[in-house]
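Quick note: numbers below take in every heavy atom, side chains included, and nothing from hydrogens, waters or symmetry partners. First the proteins, then the strands, lettered A, B, ... as listed; each starts at 1.
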Amino acid sequence: MEAIIQYLLTGLSVGSVYAMVGLGFYVMWSAAKAVNFNFGDIFMLGAVLAVVLLDLGAPLLLAAPAAVLAAAMVAAAIERGFVRPFNREANAIGWMLTTIAVGTMLESATTALFSSNPRALPSPLAEHPIRLGGAGIYPQELLLPVALVAVAFGLEFFYRRTLTGRAMRAVAYNRVAAGLVGIDADRITLLAFFIAGLLGALAGLLIGPVIQASSTMGAVIGLKGFLVAIIAGIANARGVLVCGVLYGVAEKFIEGYLSTAARDAIGFTLMVLLLLLFPQGLFGKAEFKKV
Amino acid sequence: MGRRVRDCGRRAGLGGLLALAAIFSALSPAKAQRAEPCIGASWEVTGPLANQGLMLRIAVETALEKINAAGGVLGRPLRLVVYDDVGEPARAVDNARRIGERDNCVVMFGGARTPNAIALREPLEEMGMPWIGPISAGTTVIEHQNGRNQWMFRVSMKDRWVTGYLVDQAKQRSASGRIAFVYEGTAWGQGALPDVEAAARRAGVTLAGRETFNIGDQDMSAQMIRLRDAGVDTIILWAVDRESANMVRSMDRIGWKPKIVSAWGVTTAFARAIGPLADGIMVAGTFNWNGQLSPEAQAAFDAMKAKYPDRIRSTADLEQPSAMANAWDAVHIIVEALKLAGAYDRTKLRDAMFRVNYTGLVADYRPAFIRDNQERMDAVLAEHYKLQAFHNGMLLPIEATPYGMRN
Amino acid sequence: MSASDRPSGSGGVNRPHLLSSSRIALALFVLAIALFPWTGDFIDARFPTSYELRLVMRAMLLGIVVVGLNILVGFAGLVSLGQAALVGLGAHAAALLALRADMPFLACMAFAVALPAAMGAMLAFPTVRVRPLYLTVITIAFGLVFLNILREWVSLTGGASGLTGIPRPTILGERLMATRAASFNYYYVIALCLLLALWVQWALARSRYGRAMRAAAESENAARALGISVVGIRTLAFAISAGLAGLGGGLFANLALFVNYETFTFNSSIELLVMTILGGSGTLAGPVVGTAVLYAAGQVLQELQEWQTFAYGLLLVLVLFLMPEGIVGSLGKLAARLGRRGAVERQTGAWPNFLPGFTALASEGEERGQATLITRDLTLRFGGLTAVSSVTMEVASGTVHALIGPNGAGKSSLLNIVSGFYAATAGQVTLFGEALGHRAPHELARRGVARSFQNTELFGRMTVLENVLVGCHTRYRAGFFATLLRLPHFAREERAMLAEARLLLEVVGLTDFAEEAARNLPFGHQRRLEIARALALRPKLLLLDEPAAGLTHGEIEDLVALIRGLADRGMTIILVEHHVEMIMAVSDRVTVLDHGEVIADGAPAEVQANPAVIEAYFGHGAPAKVAA
Amino acid sequence: MSAPDRPSGSEGVNRPRQDQALLAVAGLRVSYGRIEAVRGVDLEVGAGEFVGLIGSNGAGKTSLMRAISGVLKPAAGQVRFDGAETTGLASHRMVARGLAMVPEGRMVFADQSVRDNLLLGSFTQLRRDPAGAVAEQDRVLALFPRLRERLDQEAGTLSGGEQQMLAIARGLLSRPRLLVIDELSLGLAPLVLDMLFPVLSELNRQGLSILLVEQMASYALAVTHRTYVMENGRVLFDGPSAELANDPRVMDAYLGRRAS
């Protein structure tokens, strides 16, 4: 019983990370029909930049938002410099390679400048776990699902209640029509990558105190976030959220009851099977192919 | 049009040829049969373990600088060339070939990864080039299945001995006698498993749990819960800094604090990342820079500090304390061997290695290696191992901490 | 991408001379590879050392894998980010069979190719039908799962420590090594395999399989309409690509005599993809160039120490910005631009030019008077919208049957049902006297239904001649291996098809444009080409979707002559058109649709006079009074 | 065909002088790759004018409209709007300058509510003049009472006619000086058209310039002042709509007959 509580709690926390990263992919994909393939690096920057700012003497409450903001700006710059020029034609794949390349540069520059060592990202919420019998969780980890809910509501509010959010949905639905009502689709796309960057960097910042900040912390999480988003049917925010959390919890139960070493093999196989069963994604709608 | 298409094809084809030609011409042919006064190195320069490579480089470069300042070896300065193997065996072989054939170095250093060392066996034999491992600890690196290791030396720990050492330590410290083994899913971790099992058998200990995890794993609650529920009170750990930190976090989460005796993958960076949770964790090593230093060790540290003032400010900045001492000693053993060999010649160097007697930071190597005794291609013996422990964020000799029951 | 150095289907004519420049380049390349190990004998130096030899061998191994990836990416337009895992599968198959089953080298290699190929087919078949992106996703997942299994299945793979002690390969008792003592025999085995891979690539490019891959990549719809099973051809492409990956892997295992999972990571997959793109995907020389350049760059960048990975990324970015089509692609384009200066004027022939040979080609139509196509209560709904509503009509064989109606009347939807692109919500289609459930477009194409598209869907980067040859796809009989080996009966068939394709170009007056990329044709010519391509199928039923749209008067007149000529030769034609005048001139019967329903059906003159038709078309006279 | 009931007032009937033209297109060419869809078109719309553009499907009308409204960049030629050169300006900038287009196929944002669609229509105005935008919403909804009833419905669930109303309303909300409507009648029942065309005439009477692209020649000729007839990427001729309504050349061109 304790174990089950533990798996649920840690699964919820890591699942929230997947969900937030997946939502980042969702936001990028809906606006641009392309993504920053190495989005994990934005996740990493959220944590690493916070450590760097703390090193420079900034207080945590300043360093944290500044790091997220800076990482999101990097994300936006990647859209402008490396996605937009390579996403002009329908079904273009150039962006995949350019974002991989720029991700390589980001990661290796971080390794060279920040060192390959893990670094602590101190947070008062990651010092003393809350114990529930034999299970336990850091308040910091509980912050993640809370943040996820906040982010989800925030996104929902943004998409449905603000003019810019509606404009972003308009761009996602039909770029031409969006332009015809006066929306600058390029700027909205840039903004979308910025927002995605906020999500990714926030996830990195929040989990950083628990898993330490390091230059390679984002690689696997970025990939998993992408797969989760695809499995969910990348065009459905709620689906991405649900799938992300579920995958996190599922991982913990696999670790608990099947195998820790083969967790990824089992998890990914599960994903592949789901994708084959639901080719449009679990929450995706069948798309109509026009002839 | 068709004509033109083919013209373009030709141009492209020629382009390919030119590219190939360019590669070859860039590689100046190695002419001399005799080797050059250089030490090659293939370890990690980039990637998650880049820091290891950097620390080794600091130790080797500093040692070489001192040696060269004193006139070099056989009248010539020795230099270091470093190539990155990004932890990949095929790259390691590329690098070894480059070191042995193009740079024509007299000897090479290897990095931490066991598979990379295994992949080098045959090329080294073919080229006849001695290899020295200052940081790898996998038993099979030196003890080859065929028992015919001729070229691979080590000034480092050996898992077969480390496991015996740690099992003993764990047995003495465990109140319940329930000891578990936790290891990373790499060749180093997996390779230690049979050694640990053998050592446990020898010590009459039944392992109460075996748990593994993958590199990059961020939560080990499942493993820790299983071990806790199995009544384990002491863990033998085979892991590096980041994953160790995550494991200790998982323990803290579930409120479980067993004793941990660890192989030397956990270093200063671990304590820096995890803070007070590191306290009390014991690590087997070959050397500790935070204790009472001999004049030679103090001089070595001062030289590193002087050469790399940005990186090395205090002894705590020597992030691979044991491996750096090993590398320091390895360089000097090579120098001694070269002097005995009397020439920059690989075979002569190899033969001379067995005649080296040298007092280093880690040990009194007398002799450093023994010919036709594969087991003794390792210079550092189990008796040289030193237990250390984290205390107040520092990795200290166990005597300097409140955790020492023995030693 | 430019047409230059792209696999060109020009096979028969303009056959390269024995001393053509590409052959010289190839010969030089082969010679350079063949002589390389012996360079030292010529320049009297210790060169190449085992280091350079190893570099070249590793580059050749990677080259084999990249050739495979090029077939996938450059031909079939799919992306794999798990290719390294397939290399690993080949490597481990070869190593394990040699170690555990004592299999001889060649048998091991056969499995090293076959297993990954089968795995590739298994991965591709269910995924490529949905979205090409899914293959990418699945390959990523496969790569990760595969590595995880390699690492954890310690008893089989040795776990992370890998497999050591792989016996040195032998052929006929000869030990294979890359040493002077062994005459560098293993080096030559690898070189031979590279040449083999290049042959496969070349043979594919100039066969119906390669053309079908490229066609499916350029226009899935048009490919399906021409009888190509898009799922099948993509699966084939991935299987071949995986097989070549396995070949590279097997050779690697026997070179290194040690394998573990670390060589086959996600990063290696990316590196392989980058090599493909860098060289110029879709070009024949690209894989070799890309592999050589990038592999060499990796060695040179070692000088930069901890910044080498950064520099690698930077180099990639620079290449992608400066040479978006890869080295060979961009150089080829440049050369083409330089060469274009002296281009000759091409003559457009008159059309339709019903040559004597053409009559024989026009398919044996059915007996006149029969109903080629009958639809009963055909209905098609998309969500709430009813595009086609209970349409019943009959198309007599050998007639031109026009389908008209205002924009949005459901004409194209009806055409899409008949050609298999849409599945009807209700109703029945009887074709050539056989009641059919929903059939995929490529199945219908094989039964003799050909179509053109409203917005011409040519394979723009393929040549005009290749476009027509794709139309011949379903009529080839030579199998896959006969094609790869270019056996005599394949060669005969290819020659026949080529002759037929050229004849069809003559019929539509495009002979002079045969080697031009289709997208470079003027609009009217594109229409002609699309029709010629459809005719290459030798259809019994030809569906033309607004063939006159955008054509000039003269062109429309020619089109009318063509349609009449085809009908006179026994072909049944359904024509969707707006040009009422043209309809009147060419059709035997007219069905008028409005809002998905048949509002009139009959001879042209009757329909023309039908007031319902006039109203549907031109509006019903005056609009109601403007609200004051 | 019965005689169309033509809006009174003839100030727009005469061809405006170049310097008065709200929209002036000269020598415009549009290509897709090598395919030329528009082959050198001159066209003008004067301030307050209601101009039609008719021609059969594939004549290049939509391409021309897309180039004018900034959806496509023209290959050659010039577009001047409101006295300034606007060739190649992106569509959102054209909207900001006062040229709105109701695109072919309507392109309403099907996954958003009618209200949100209208709000997006006011996108440019909400930043410039929020109060004015709200007033404009009321004014436009008064024109299309059906939309007011369905404000909270998803736009994708509207009928074709309602979607077209929404598309027009959305276009109007940017307070354009020139409204370009591409294929108003596409897929709509005559009954719906009878409702829509009078609204356009009314808007025009209130001072809005309109360029109407229409396949249904009779409708276009009935409501507009002046009409261009396009075929094969070129303008064949133009003239007052009343005259063209009886001109046999229209029928010929329209039906793809040879101009004799």
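The shortest heavy-atom contact between B:A273 and A:P118 is CB-O, 4.0 Å. When all heavy atoms of A:Q6 and B:R253 are compared, the closest pair comes out as NE2-CD, 3.6 Å.
Looking at A:T111, its side chain never comes within 3.5 Å of a backbone N or O of B:G47 through a donor-acceptor pair. For the pair A:T260 (side chain) and B:F213 (backbone), a donor-acceptor distance under 3.5 Å is absent.
Neither the backbone nor the side chain of B:E44 has a heavy atom closer than 4.5 Å to any heavy atom of chain A. Looking at A:E251, neither its backbone nor its side chain comes within 4.5 Å of chain B, counting heavy atoms on both sides. A:S215 does not touch chain B: none of its heavy atoms, backbone or side chain, sits under 4.5 Å away. Contacts of A:L9 with chain B are absent, with no heavy-atom separation under 4.5 Å from either backbone or side chain. Using a 4.5 Å cut-off between heavy atoms, A:A135 contacts chain B through its backbone alone, with no side-chain atom that close. For A:A219, no part lies near chain B; criterion is any non-hydrogen pair under 4.5 Å. Using a 4.5 Å cut-off between heavy atoms, B:L49 contacts chain A through its backbone alone, with no side-chain atom that close. Heavy atoms of B:R249 lying under 4.5 Å from chain A belong to its backbone as well as its side chain. Only the side chain of B:E319 comes within contact range of chain A, with at least one heavy atom under 4.5 Å from a heavy atom of that chain.
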Determine whether B:N214 and A:R263 satisfy the following criterion, side-chain contact (heavy atoms from CB on, under 4.5 Å), listing intermediate values before the conclusion. CA-CA 9 Å; B:N214 296 326; A:R263 173 199 59 220; 3.9 Å; yes
Go through it in stages, so that I can follow the logic: the residues are B:R242 and A:T216, the test is side-chain hydrogen bond (donor to acceptor under 3.5 Å, both in side chains), and I'd like the CA-CA distance, side-chain angles, deciding distance and then a yes or no. CA-CA 11 Å; B:R242 185 172 55 176; A:T216 46; 3.1 Å; yes
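Contacts with chain B were tallied for A:G136, A:A120, A:P129, A:S116; A:S116 has the most, counting heavy-atom pairs under 4.5 Å. Contact tally against chain A (heavy-atom pairs below 4.5 Å) for B:Q52, B:E243, B:Q218, B:R272: the top residue is B:Q218. Counting heavy-atom pairs under 4.5 Å between each of B:P48, B:G185, B:A50, B:S250 and chain A puts B:P48 at the top. Between chain A and the residues B:D219, B:T212, B:T46, the most heavy-atom pairs under 4.5 angstrom are made by B:D219. Of all the listed residues (B:E211, B:M220, B:R228), the one sharing the greatest number of non-hydrogen pairs under 4.5 Å with chain A is B:R228.
Between A:R131 and B:D252 there is a salt bridge, since at least one side-chain N of the basic residue sits less than 4.0 Å from a carboxylate O of the acidic one.
Taking CG of A:N117 as the start and OG1 of B:T268 as the end, the distance is 8.5 Å to the nearest 0.5 Å. Rounded to the nearest 0.5 Å, atoms OG (A:S214) and CG (B:N51) are 12.0 Å apart.
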